[in-house]
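Both backbone and side-chain heavy atoms feed into the values below; hydrogens, waters and symmetry mates do not. Order of appearance sets the numbers: ligands from 1, and atoms from 1 within every ligand.
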Amino acid sequence: GASAPAEVFEAAVAADERIEPRDWMPDAYRATLVRQMAQHAHSEIIGMQPEANWITRAPSLRRKAILMAKVQDEAGHGLYLYSAAETLGTSREELLDKLHAGRQRYSSIFNYPTLTWADVGAIGWLVDGAAITNQVPLCRCSYGPYARAMVRICKEESFHQRQGYELLLALSRGTEAQHAMAQDAVDRWWWPSLMMFGPPDSESSHSDQSMAWKIKRHSNDELRQRFVDICVPQAESLGLTLPDPDLRWNEQRGHYDFGPIDWDEFREVLRGNGPCNEERISQRRRAHEEGAWVREAAAAYAAKHREADA
Ligand code: FAQ
C-alpha cells in the first residue's frame, strides 16, 4: 500500500537519494537547511568585503584583474545559494532582512581584518582551502538543490585556493620584507581558519541530526583534522610555517596533532565582538540601501516587459 510521507523521506535518505523541493520533508529538516544555506549564502556575500578592501591597492594590473574576478565569484556563490534556499519557500529578501537584523549568522572568519596585501593570499590559501574541505562533502548533501549548487561552487573555490597559494608563493620567494609579510598573514589567519569548521563535536548542537539527515557527511572535528593534514605539507612547499608549536605528525593516528584552539575567541566573535563585526554588518546594510535603486529599476523593467508581452 501507499507509504506515509515520513517513511518515503526516511527511505530516500537511507538510500542516498536526493530530496527535491516538492518532496515531503520534516519541518525541522527544512528549517535546518534554511539555517545552514542562509548562513552559507550570507558568508559568501559578507566574505566579499575583506578582499574587496585590497582591489584598489593590488600591486599589479594582473593581480587586480584576478582579485576582482574572485570577489565577483563570491557574489555569484551567494546568489546560487539564495536561489537554492528559495526552493524551500524562503525568499532572498526575507533572508537578507534577517541578516541585516542580526538574526542569522555568517561565518566567523569574515570578522577579521585584511591588514596587508599578503592577507589576500592567506585568505585564498587557508579560507578558501577550509571552505573546500567543508564543502566538497556537501556536494553529496541529501537536499538536491543545495548539493547541485555546491558542485559548481567547489570548482570555483578550488581555483580561488590555487590563486591564494600562488600569490603567497610569489611573496614567500620574494624579498625578505615580502616573505615576512606572507608569514605574518599566515600567522594571523591560521587559527581563525580552523574555527571555520565550527565548535568541537562535543559542543556542536546540530551535527548529530544533520548527519543523520545526510546534510552533513562528516563532523566538524573530522573536517578540521582533514584540513590540518592537507595544510602542513603545503606550508612546507610554500616555505612558511604554521603558528602552532604543538603541530606534529602522529604515526599512530596517521594524522597531525595540533594545539588547543581558543574557543573563547570563537564564542566572542559569534557574539558580535570580533574585530570587524560592526564594520561588516554596517557596510552590508549600507550596500543594500545604496542598491535599492537597482532593485527598483530591475523590477520596473520586468513589469514593463510583462505588460508588453500581455
Ligand atoms: N561561524 O552545531 P554546529 C565561504 C554556529 S566559506 C559562525 O556545529 P552546524 C567561502 C552554527 O551556525 C564559509 N557561526 O552548526 C568564501 C550554530 O549556530 P546556531 C561559509 C558558526 O551548522 C571564502 C552553532 O554555531 N561556509 O564563505 C560557525 O551543524 C572566501 C553551533 O554549531 C559554510 O557556511 C562559524 N565558523 O555546523 C567566501 C558551509 N560554526 O544555529 C568569501 C556550510 C558554527 O546554534 C571569501 N555550513 N557556527 O545559532 C556548514 O557546513 C555548517 O553550518 C558548519 C557549522 C560546519 C559551519
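- Near ligand 1, heavy-atom contacts under 4.0 Å come from R35, Q36, Q39, H40, S43, E44, G47, E51, K70, E74, R105, Y106, S107, S108, F110, V127, D128, A131, N134, Q135, L138, Y146, E157, M195, M196, F197, G198, P199, S204, S205, H206, K216, N220, F266, L270.
- Under the 3.5 Å distance criterion, with hydrogens and angles disregarded, no donor-acceptor pair is assigned to the side chains of Y112 and R188.
- A292 pairs by the side-chain contact (heavy atoms from CB on, under 4.5 Å) definition with R295, E296, not counting sequence neighbours.
- Taken to the nearest 0.5 Å, the CZ atom of F258 stands 8.5 Å off from the CG atom of D244.
- Note that CD of E236 is 9.0 Å distant from CG of L242, once rounded to the nearest 0.5 Å.
- Annotation for H42 and Y82: closest pair ND1-OH, 2.7 Å, computed over non-hydrogen atoms.
- Ring geometry, F9 versus W24: the interplanar angle exceeds 60°, so the pair is classed perpendicular (tilted spans 30 to 60°).
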